Q: 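Once you've had a glance at the structure underneath, I'll fire off some questions.
Predicted model only: the values in this text are computed from it and were never measured. Computation of the quantities below employed the complete heavy-atom set of this structure, encompassing side-chain atoms and omitting hydrogens, waters and symmetry-equivalent molecules. Starting from 1, each residue takes its place in the sequence as its number.
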Amino acid sequence: IILIVLILSSSIILLNIGETKASYSTEFSKYPGYEALIKKLQEAHPNWEFEIMETGLDWYASIVEESTGHHGLNVVSKNKSDAWKCACNKTVETVWKCASTATVAYYMDPRNSLNENYIFQFEQLTYDEKIQTREGVEQILKPCNYMQGKVTYYDTKGNKKTLNKTYVDVIMEAAKQYNVSPYHLASRIRQEQGTGDAGSMISGKWTGESGAYKGYYNFFNIEAYQSGSMSAVERGLWWASQSGSYLRPWNSIEKSIRGGSVYYGENYVKKGQDTLYLKKFNVQGSNLYKHQYMTNVQAAAAEGLTLSKITALANTTLEFSIPVYKNMPAGACVKPTLDGSPNNKLSA
């Protein structure tokens, strides 16, 4: 009798486990092409959790809104082939061209990013001390010479100063205080400022023709775009030098990083744009297709790739929010060809 009870109990347990795994994966089954990709990631990373983000939007209508409906909302390098560029041939800030609908569709289609390299564009961007570690931040910033050791900067009088804290200290403190992932802050700085040595926006030495911008910093390139006679660098440092919201003026490196953290926390995370994907493609809330952080159509994918480099350090649970749309095509949208004409079949 005892043996029979044990066998039956084991069978029930195994059945329940099987049902739990199946129900977890099959949440995505009504959306073509999702389930197999999610299941593959689940099997490789048992601690990763995936939830559906129902946009409630029609797929084709969304692609129109992000492409031909608003020319220049998404851009690609002018050096890309014609298939990547919109037939309107609109130029944005000299080096960018309006992206074709095929390009927008490829990068907006979540199924193209449900893999080891690009999944992190769907990671939640809120602060979680159990998941996000100093070691992870250090890993992201390792190639950035300007983010190593203690914080050293120049004040507005040109005096060199050093804080008794590292760049990682500043990022971790800001992340906790303003409820933003330190991985996101670190990867954003790396994305905006590159690797190697410090550029003009964060050197503290760039003065401009007026000589007014010495000792100011804009680590996240916020409001840094060409405007009239002002270059992107000048406008970015002008904005950083103004008194106002987000702890400005940013006359030290710490204030720039902390102020940028406030900016992201208030303007994106609190507004529901709490993944890299939603910062690039705003497909939720009242500001649909607006309030998008960057025009570069590849931005979310590029940052997702940066974050993928710390996957091995994340030994605890990670949470991913995956967008789904109505009337999605059966297969994932394909990347534009290297040669060929623009694909603007989805016209406004």
Side-chain angles (χ1 to χ4, degrees), residues 45 47-49 118-153 163-195 198 201-202 217-222 240 246-247 250 252-280 293-294 299-321:
H45 304 279
N47 289 331
W48 290 6
E49 296 180 357
Y118 298 108
I119 185 62
F120 278 86
Q121 64 182 287
F122 306 114
E123 184 188 7
Q124 294 290 313
L125 298 184
T126 49
Y127 175 72
D128 190 333
E129 63 181 357
K130 296 179 181 179
I131 295 174
Q132 300 142 0
T133 66
R134 292 180 57 89
E135 291 76 17
V137 174
E138 290 170 355
Q139 182 71 12
I140 296 173
L141 296 177
K142 191 174 182 179
C144 305
N145 296 337
Y146 55 89
M147 296 290 284
Q148 307 305 311
K150 292 186 176 181
V151 176
T152 301
Y153 69 100
L163 299 182
N164 190 28
K165 60 177 65 175
T166 67
Y167 291 88
V168 176
D169 290 334
V170 173
I171 289 175
M172 294 300 293
E173 290 170 4
K176 183 176 182 179
Q177 183 171 356
Y178 305 115
N179 194 33
V180 182
S181 164
Y183 291 173
H184 175 60
L185 296 178
S187 65
R188 168 58 63 186
I189 291 172
R190 176 170 163 171
Q191 177 75 17
E192 296 290 348
Q193 305 302 331
T195 57
M201 198 73 80
I202 59 172
Y217 305 82
N218 193 335
F219 269 69
F220 298 95
N221 284 353
I222 297 173
Y246 314 119
L247 311 182
W250 292 345
S252 75
I253 286 177
E254 182 172 23
K255 287 184 70 176
S256 178
I257 294 175
R258 294 178 71 87
S261 304
V262 177
Y263 181 90
Y264 285 117
E266 292 185 356
N267 288 294
Y268 294 97
V269 175
K270 287 184 179 179
K271 293 182 182 297
Q273 290 175 269
D274 55 356
T275 68
L276 296 176
Y277 182 93
L278 291 176
K279 282 179 61 184
K280 178 65 204 86
Y293 182 71
M294 293 178 71
E303 291 184 30
L305 181 59
T306 299
L307 282 179
S308 72
K309 299 180 185 303
I310 61 164
T311 301
L313 298 174
N315 294 319
T316 55
T317 300
L318 294 180
E319 297 180 354
F320 300 91
S321 180

Q: Is Gln132 close to Leu185 at the side-chain level, that is, under 4.5 Å between some pair of heavy atoms?
A: no
Q: Using the rule given for side chain to side chain contact (heavy atoms under 4.5 Å, CB included), can you reason through Glu123 versus Thr275, listing the C-alpha separation, both sets of side-chain angles and the distance that settles it, and then say yes or no?
A: CA-CA 6 Å; Glu123 184 188 7; Thr275 68; over 6 Å; no
Q: Please report whether the ring centroid of Tyr178 lies less than 6.0 Å from that of Tyr264.
A: no
Q: Flag the pair Glu303 and Arg190 as a salt bridge only when some basic side-chain nitrogen lies within less than 4.0 angstrom of an acidic carboxylate oxygen.
A: no
Q: Using the test side chain to side chain contact (heavy atoms under 4.5 Å, CB included), find all partners of Asn267 that sit at least two apart in sequence or belong to another chain.
A: Tyr246, Tyr263, Lys271, His291
Q: Do the side-chain N and O atoms of Tyr183 and Thr133 include a donor-acceptor pair separated by under 3.5 angstrom?
A: yes
Q: Look only at the side chain of Ser256 and the backbone of Phe219, and say whether a donor-acceptor pair between them is shorter than 3.5 Å.
A: yes
Q: Would you say the side chain of Leu276 lies within less than 4.5 Å of the side chain of His184, judging by non-hydrogen atoms?
A: yes
Q: Is there a side chain to side chain contact (heavy atoms under 4.5 Å, CB included) between Lys165 and Val170 once you walk through the steps?
A: CA-CA 7 Å; Lys165 60 177 65 175; Val170 173; 3.6 Å; yes
Q: Between Gln124 (side chain) and Glu319 (backbone), is there a donor-acceptor pair under 3.5 Å?
A: no
Q: Closest heavy-atom contact between Met201 and Asn221?
A: CG-OD1, 3.4 Å
Q: CD of Glu192 to OG of Ser187: how many Å apart, nearest 0.5 Å?
A: 10.0 Å
Q: For the residue pair Lys279 and Tyr268, would you count it as a cation-pi contact if the rule is NZ or CZ under 6.0 angstrom from the ring centre and within 45 degrees of the ring axis?
A: yes
Q: To the nearest 0.5 Å, what is the distance between OG on Ser308 and CD1 on Ile119?
A: 11.0 Å
Q: Checking Gln193 side chain against Asn218 main chain: does a donor-acceptor pair fall under 3.5 Å?
A: yes
Q: Using side chain to side chain contact (heavy atoms under 4.5 Å, CB included) as the criterion, list what pairs up with Lys142, not counting sequence neighbours.
A: none
Q: Could you tell me whether the side chain of Gln148 and the main chain of Cys144 form a donor-acceptor pair under 3.5 Å?
A: yes
Q: Nearest 0.5 angstrom please: Gln177 CD to Met172 CE, how far?
A: 13.5 Å
Q: Minimum heavy-atom separation for Leu247 to Lys255, with atom names?
A: O-CE, 3.1 Å
Q: Would a distance-only check, ignoring hydrogens and angles, find a side-chain to backbone donor-acceptor pair under 3.5 Å from Lys176 to Tyr127?
A: no
Q: Step through it carefully: locate the ring centre of Phe120, locate the ring centre of Trp48, and say whether they are under 6.0 Å apart.
A: yes
Q: Do Trp250 and Ile222 come close enough that some side-chain heavy atom pair is under 4.5 Å?
A: yes
Q: For Met294 versus Lys280, what's the shortest heavy-atom pair and its separation?
A: O-NZ, 2.9 Å
Q: When you compare the side chain of Glu173 with that of Arg258, does any pair of heavy atoms fall below 4.5 Å?
A: yes
Q: Which heavy atom of Tyr293 sits nearest a heavy atom of Phe220, and at what distance?
A: OH-O, 2.7 Å
Q: Provide the closest heavy-atom pair for Leu163 versus Glu254 in the form atom of the first, atom of the second, distance.
A: CD1-OE1, 3.5 Å
Q: Can you name the nearest heavy-atom pair linking Thr195 to Pro143, along with the distance?
A: CB-O, 3.4 Å
Q: Would you indicate whether the side-chain heavy atoms of Thr306 and Ile140 approach each other to under 4.5 Å?
A: yes
Q: For Tyr153 and Tyr217, take the angle between the two ring planes, folded into 0 to 90°, and tell me which bin it lands in: parallel under 30, tilted 30 to 60, perpendicular over 60.
A: perpendicular
Q: Are Tyr167 and Ile253 packed together at the side-chain level, in the sense that at least one heavy-atom pair is separated by less than 4.5 angstrom?
A: yes
Q: Report yes if the side chains of Leu305 and Gln121 come closer than 4.5 Å at any heavy-atom pair, otherwise no.
A: no
Q: Taking C-beta and beyond as the side chain, do Leu318 and Asn47 meet within less than 4.5 Å on heavy atoms?
A: no
Q: Would Ile171 and Met147 count as a side chain to side chain contact (heavy atoms under 4.5 Å, CB included) here? Give the steps.
A: CA-CA 11 Å; Ile171 289 175; Met147 296 290 284; 3.8 Å; yes
